[in-house]
Amino acid sequence: MTAMTSAAQAVSGTTSVDRSWMDEGACRGGDPDALFVRGAEQNVAKLVCRSCPVRTECLADALDSRTEFGVWGGMTERERRALLRRRPDVASWTQVLLAARDEHRAAAGVPAPRLSVVRG
């Protein structure tokens, strides 16, 4: 069990954390060190997240697991800390952010993404 998994479990109270979304990340094939930078370089790192199909899941996971370093879901550690301070009442950022994304898509008339089915 990784430290990140342990932290996520402690925060959410779950015993299993689904991170299958990570395989779809826009940053997957890039240099991981590029997301752990300081200062103005963070703005460059955040550009990777702009068109990422799993940006919401990434941000929710970073918030739920209280990830301290790096750019996750388009937010720096400083931005995430500020959000956590503003909303200490949120028990599950995953639930909040995914619900907000789905509501936004519905209001915009954007259909929900179709899940691909692998048949054996």
Taking the side chain as everything from C-beta on, heavy atoms only, tell me whether D23 gets closer than 4.5 Å to R28.
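Result yes, sub-4.5 Å side-chain heavy-atom pair found.
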
Between C49 and G74, what is the shortest heavy-atom contact and its length?
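What the structure gives for the nearest pair is SG-N, 3.2 Å.
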
State, to 0.1 Å, how close G25 and C52 come at their nearest heavy-atom pair, and which atoms those are.
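Answer, listing the atom of G25 first, then C52: CA-SG, 3.8 Å.
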
With no hydrogens and no angle check, do the side chains of T94 and S92 hold a donor and an acceptor under 3.5 Å apart?
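On atom types as modelled, these side chains do not qualify, holding no pair under 3.5 Å.
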
Determine, stepwise, if the pair L63 / L59 fulfils side chain to side chain contact (heavy atoms under 4.5 Å, CB included).
CA-CA 6 Å; L63 291 167; L59 177 58; 3.8 Å; yes

Given R101 and E57, is the salt bridge (charged side-chain N to carboxylate O under 4.0 Å, His left out) satisfied, shown in steps?
CA-CA 10 Å; R101 180 191 63 191; E57 292 85 349; 2.8 Å; yes

Short N-O contact, E24 and R55, less than 4.0 angstrom:
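Not counted as a salt bridge, because no side-chain N and carboxylate O are separated by less than 4.0 Å.
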
Got a salt bridge between K46 and E79, using NZ or NE/NH1/NH2 to carboxylate O under 4.0 Å?
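Result for this pair is yes, salt bridge flagged.
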
Checking the side chain of Q42 only, and the main-chain atoms of V37 only, is there a donor and an acceptor separated by less than 3.5 Å?
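Checked: pair present.
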
Is it true that L83 and L97 fall in one hydrophobic cluster, defined by side-chain heavy atoms closer than 4.5 Å?
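L83 and L97: one cluster.
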
Linked, directly or transitively: V90 and L84 (ILVMFWY side chains, under 4.5 Å)
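Yes, same cluster.
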
Quick one, W21 with T56, criterion side chain to side chain contact (heavy atoms under 4.5 Å, CB included). Give me CA distance, side-chain angles, the key distance, then yes/no.
CA-CA 10 Å; W21 54 265; T56 304; over 6 Å; no

Rounded distance (nearest 0.5 Å) linking atom [atom1] of [X] with atom [atom2] of [Y]:
X   : Y   : atom1 : atom2 : answer
M75 : R80 : CE    : CZ    : 7.5 Å
F69 : L35 : CZ    : CG    : 15.0 Å
D18 : D61 : CG    : CG    : 9.5 Å
W72 : C27 : CH2   : SG    : 7.0 Å

